[in-house]
Amino acid sequence: MKKQFLKSTPSCKVTFQLPKEAAAGANNVVLLGDFNDWAPEKGVALKAAKDGSFAATVTIPTGRDYHFRYLIDGQRWENDWSADRYETSPLHGHIQNSVVSLAAAAIAGAVAEKVVATKVRATKKTSTKATTKTPKKVAKAAKATADKLTKIEGIGPKIEGLIKAEGINTFADLSKAKIAVLRDILAKAGKRYQMHDPSTWAKQAGMAAKGKWDELNKWQDELKGGRKAKK
């Protein structure tokens with residue numbers, strides 16, 4: 001889920017995305033929530049991509065949080081896998097809704113992240129100029145910390161940040177991580193992350209660390225959001 005807070009109006013362009021693992025061969029996906037009164041006739045149809053995922057961008061007024069869910073083929077509901085958090089439905093106590101936060105705190109956080117990102121880019125630019133003649137051993141060590149853990153099925157940008165914050169920065173690090181440790185990291189991050197299953201991450205990372213990309217890609221085709229498909 002991506003957000004673009006607008007400067008001209010108190011609103012935000014939110015790109016809602018449902019991965020192919022969640023869509024599971026759906027023909028159509030409709031976005032319903034507080035922002036369209038949960039009314040089917042006001043539902044936003046997500047556009048299907050070639051990879052089987054669905055997405056749509058909606059402009060929503062800021063200043064509050066909104067509950068929402070996806071209705072797939074008019075028969076089953078699915079939550080957003082990258083929602084800001086999950087909360088119990090005020091109308092149906094046994095159901096957990098996805099939540100997109102567009103309150104003042106969320107706007108302030110987005111601004112702060114943008115400032116930090118700008119400073120990081122500036123620092124990297126300066127660092128690059130200063131280390132043009134960096135020894136090969138140092139360059140190799142720096143490269144070892146740059147593994148993109150989102151290549152592991154089930155790990156998105158936000159979870160990657162959580163894992164790296166705990167010192168798990170490379171495929172090799174992740175391959176040695178115990179499932180209990182990964183579950184603990186997700187649990188500490190809150191309810192929105194507890195729905196993820198890290199049971200295959202270490203094995204996937206082991207393949208990536210050894211450069212077995214063909215083998216990894218073949219196995220990932222059999223997984224669903226990083227989980228082993230039920231037979």
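These numbers were taken from a predicted model, which means no experiment stands behind them. Both backbone and side-chain heavy atoms feed into the values below; hydrogens, waters and symmetry mates do not.
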Tested for side-chain hydrogen bond (donor to acceptor under 3.5 Å, both in side chains) against Ser82, the lone hit among Asn79, Asp84, Asp80 is Asp80
Under 3.5 Å, is there a donor-acceptor pair between the side chain of Thr170 and the main chain of Asp147? no
From CG (Asp73) to CG (Asn27), nearest 0.5 Å: 5.0 Å
Mind running ring-ring contact (aromatic ring centres under 6.0 Å, His included) on Phe16 and Phe35 for me, showing each step along the way? CA-CA 13 Å; Phe16 295 90; Phe35 39 75; 5.8 Å; yes
Short side-chain donor-acceptor distance under 3.5 Å, Gln204 and Gln220: yes
Can you tell me how the ring of Tyr70 sits relative to the ring of Phe68, calling it parallel under 30°, perpendicular over 60° and tilted otherwise? perpendicular
Show the nearest heavy-atom pair for residues Ala45 and Ala56, with the distance to one decimal. O-CB, 4.1 Å
Do Phe171 and Ile152 come close enough that some side-chain heavy atom pair is under 4.5 Å? yes
In this structure, CD1 of Ile185 is separated from NZ of Lys164 (nearest 0.5 Å) by 13.0 Å
Are Trp213 and Leu149 grouped together when hydrophobic residues (ILVMFWY) are joined by side-chain heavy atoms under 4.5 angstrom apart? yes
Please give me the minimum heavy-atom distance between Arg85 and Ser101, naming the atom from each residue. NH1-CB, 4.2 Å
Side-chain contact test, heavy atoms from C-beta onward, threshold under 4.5 Å: evaluate it for Leu32 versus Trp77 and give yes or no. yes
I'd like to know if the side chain of Gln96 pairs up with that of Ser89 as donor and acceptor (distance under 3.5 Å, no hydrogens or angles considered). no
Working for side-chain contact (heavy atoms from CB on, under 4.5 Å), residues Gln4 and Val14: CA-CA 6 Å; Gln4 181 186 353; Val14 182; over 6 Å; no
Cluster question for you: counting only ILVMFWY and a side-chain heavy-atom cut-off of under 4.5 Å, with indirect links fine, are Leu18 and Val58 together? yes
When clusters are formed by joining ILVMFWY residues with side-chain heavy atoms under 4.5 Å apart, either directly or through shared neighbours, do Leu186 and Val181 land in the same one? yes
Point-to-point distance, once rounded to the nearest 0.5 Å, from CG of Leu182 to OH of Tyr193: 15.0 Å
Would a 4.5 Å heavy-atom cut-off, applied to side chains only, mark Cys12 and Ile60 as touching? no
Please find the pair of heavy atoms, one from Trp38 and one from His67, that lie closest to each other, and give the distance. CZ2-O, 3.6 Å
Where do Gln17 and Ala55 come nearest, in terms of heavy atoms and distance? CG-CB, 4.0 Å
Following the transitive rule for hydrophobic clusters with a side-chain heavy-atom cut-off under 4.5 Å over Ile, Leu, Val, Met, Phe, Trp and Tyr, establish whether Leu71 and Val99 coincide in one cluster. no
Within the 4.5 Å heavy-atom criterion, are Met1 and Ser98 side-chain neighbours or not? no
Check Ile155 against Glu160 and note the closest heavy-atom contact, atom names and distance. CG2-N, 3.8 Å
Quick one, Phe54 and Asn28 - any side-chain contact, counting heavy atoms below 4.5 Å? no
Same cluster (ILVMFWY, side-chain, under 4.5 Å), Val30 and Val100: no
Within the 4.5 Å heavy-atom criterion, are Glu153 and Trp219 side-chain neighbours or not? no
Does a side-chain heavy-atom distance below 4.5 Å link Lys158 with Leu162? no
Once rounded to the nearest 0.5 Å, what's the spacing between atom OG1 of Thr57 and atom CG of Leu46? 9.0 Å
May I ask you to say whether Asp214 pairs ionically with Lys218, meaning some side-chain N is under 4.0 Å from a carboxylate O? no
Can you measure from OG1 (Thr200) to CE (Met207) and round to the nearest 0.5 angstrom? 9.5 Å
Rounded to the nearest 0.5 angstrom, the CH2-CD1 distance for Trp201 and Ile159 is 4.5 Å
Find out whether Ile95 and Arg69 are in side-chain contact, i.e. whether some heavy atom of one side chain is under 4.5 Å from a heavy atom of the other. yes
For Ser199 versus Arg183, what's the shortest heavy-atom pair and its separation? CB-NH2, 4.3 Å
